[in-house]
Amino acid sequence: MIAGHFGLAAAVKAKAPQTPLWALMLASQWLDVVFVPLLIAGVERLEPVQGAKPGAYGGAVIHADYTHSLVGALVLSGVFGALFLGRYGKRSAAVLGLMAFSHWVLDLPLHRADMPILPGGGGLPKLGFGLWQYPAVSAALELLIVVVGAAMYWRAASAVAGEDAAVKRRAHICGAGVLAAALLTLTMNLLGM
């Protein structure tokens, strides 16, 4: 789920207008941002699901035992929020930390049981409900999050614009841009790109 994370970030922006959209978008992907260098270093890995085409939507078991463990996600999210404390204040820092942790929460229903509780696993059961095994269902859920999030952002941006035609036009462009970018991301993800 990439687009769904962006969709939730757009929805949160509608409720936390003082928090920068770029920071919310980055927060929504923070666990994956940290995952990539660990993947390259061989610390975390992807294992293709038997029979899945390479790059297929939900076509891999993700062994992200540090970034996507429950405790690891909490720590990384706290660090992310703390990075913004001085510049944007307590409220935005908290919003950004929670947004970063929402990544784990949104991944839980989609991932197969590949999300450990403790970093490294610790011998405890791994979590995940496995909706990626049903691509149509998981894609529909992600699409719902994208559309609702973009609509909430668009509505909030239009309300902030007031009656000023130029500002209202810019709000419509931004709202359409958020929706288009999220839909394009979801489409590329579904096509295995």
Side-chain angles (χ1 to χ4, degrees), residues 1-33 35 56-59 62 64 67-68 70 73-74 76-77 80-81 84 88 91-112 114-115 127-164 167-193:
M1 176 181 287
I2 295 172
H5 295 304
F6 287 141
L8 183 60
V12 169
K13 176 62 177 174
K15 298 298 182 183
Q18 76 288 355
T19 305
L21 181 60
W22 70 266
L24 288 164
M25 294 293 179
L26 179 58
S28 77
Q29 300 298 331
W30 181 241
L31 300 184
D32 287 344
V33 168
F35 168 76
Y57 182 71
I62 302 170
T67 57
H68 286 66
L70 175 59
L74 285 167
L76 287 171
S77 300
F80 187 85
F84 292 88
Y88 295 106
R91 179 160 165 46
S92 284
V95 166
L96 290 167
L98 289 169
M99 185 72 238
F101 185 68
S102 77
H103 183 105
W104 190 90
V105 174
L106 287 180
D107 276 1
L108 183 62
L110 296 180
H111 277 238
R112 291 165 176 86
D114 59 9
M115 297 170 61
L127 306 173
F129 303 142
L131 278 182
W132 267 339
Q133 294 173 83
Y134 311 99
V137 175
S138 57
L141 175 63
E142 194 164 2
L143 178 62
L144 177 66
I145 295 168
V146 163
V147 170
V148 169
M152 288 177 67
Y153 174 77
W154 198 329
R155 192 171 119 207
S158 295
V160 168
E163 297 304 317
D164 185 325
V167 177
K168 200 166 207 64
R169 186 172 37 259
R170 189 169 56 223
H172 288 308
I173 290 169
C174 288
V178 165
L179 179 60
L183 290 174
L184 177 62
T185 302
L186 178 58
T187 301
M188 289 172 55
N189 202 355
L190 289 170
L191 295 174
M193 302 170 84

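All of these numbers come straight from a predicted model, not from anything done at the bench. Along the sequence shown, residues carry numbers from 1.
Of the inter-residue distances, the one linking Met115 atom CE with Leu110 atom CG reads 9.5 Å to the nearest 0.5 angstrom. Taking NE2 of His5 as the reference point, atom NE2 of His103 lies at 3.5 Å (rounded to 0.5 Å). Distance check, rounded to the nearest 0.5 Å: CH2 of Trp30 to OG of Ser102 gives 14.5 Å. Going from atom NZ of Lys13 over to atom OG of Ser28 covers 14.0 Å, rounded to the nearest 0.5 Å. Atoms CG and CG, on Leu106 and Leu31 in that order, are 10.5 Å from each other to the nearest 0.5 Å. Atom CG of Asp107 is separated from atom CD1 of Ile62 by 7.0 Å, given to the nearest 0.5 angstrom.
Relative orientation of the Trp22 and Tyr88 rings is perpendicular, given thresholds of 30° and 60° on the angle between their planes. Aromatic ring pairs are classed by plane angle as parallel below 30°, tilted from 30° to 60° and perpendicular above 60°; the pair Phe101 and Trp104 is parallel.
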Q) Would Phe129 and His111 count as a side-chain contact (heavy atoms from CB on, under 4.5 Å) if you check the C-alpha gap in whole Å, the side-chain angles of each, and the deciding distance to 0.1 Å? A) CA-CA 6 Å; Phe129 303 142; His111 277 238; over 6 Å; no

Q | Stepwise side-chain contact (heavy atoms from CB on, under 4.5 Å) test for Leu143 and Leu183 | A | CA-CA 8 Å; Leu143 178 62; Leu183 290 174; 3.5 Å; yes

**Q.** side-chain contact (heavy atoms from CB on, under 4.5 Å) assessment of Leu21 paired with Val178
**A.** CA-CA 10 Å; Leu21 181 60; Val178 165; 4.2 Å; yes

**Q.** Evaluation steps, side-chain contact (heavy atoms from CB on, under 4.5 Å), between Val12 and Lys15
**A.** CA-CA 5 Å; Val12 169; Lys15 298 298 182 183; 5.8 Å; no

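Closest of all the heavy-atom pairs between Phe84 and Ala23 is CE2-CB, 3.9 Å. For Ala171 against Ala157, the heavy-atom pair with the smallest separation is CB-O, 3.5 Å. Minimum heavy-atom separation, Ala27 to Phe80: CB-CE2, 3.3 Å. Contact detail for Gly162 and Lys168: the closest heavy-atom pair is O-NZ, 3.2 Å. Of all heavy-atom pairs between Thr67 and Leu76, the closest is CA-CD1, 3.8 Å. Looking at every heavy atom in both residues, Ala182 comes nearest to Val146 through CB-CG1, 3.4 Å.
His68 and Asp114 share no side-chain donor-acceptor pair at under 3.5 Å. The closest side-chain donor-acceptor pair between Trp154 and His172 falls under 3.5 angstrom.
Counting heavy atoms from C-beta outward, Thr185 and Met188 have side chains that stay 4.5 Å or more apart. Contact annotation: the side chain of Leu96 never approaches that of Leu26 to less than 4.5 Å [non-hydrogen atoms, C-beta and beyond].
In this structure a side-chain-to-backbone donor-acceptor pair under 3.5 Å is missing from Gln133 to Arg112. Listed for the Glu142 side chain is no donor-acceptor partner under 3.5 Å among the backbone atoms of Leu186.
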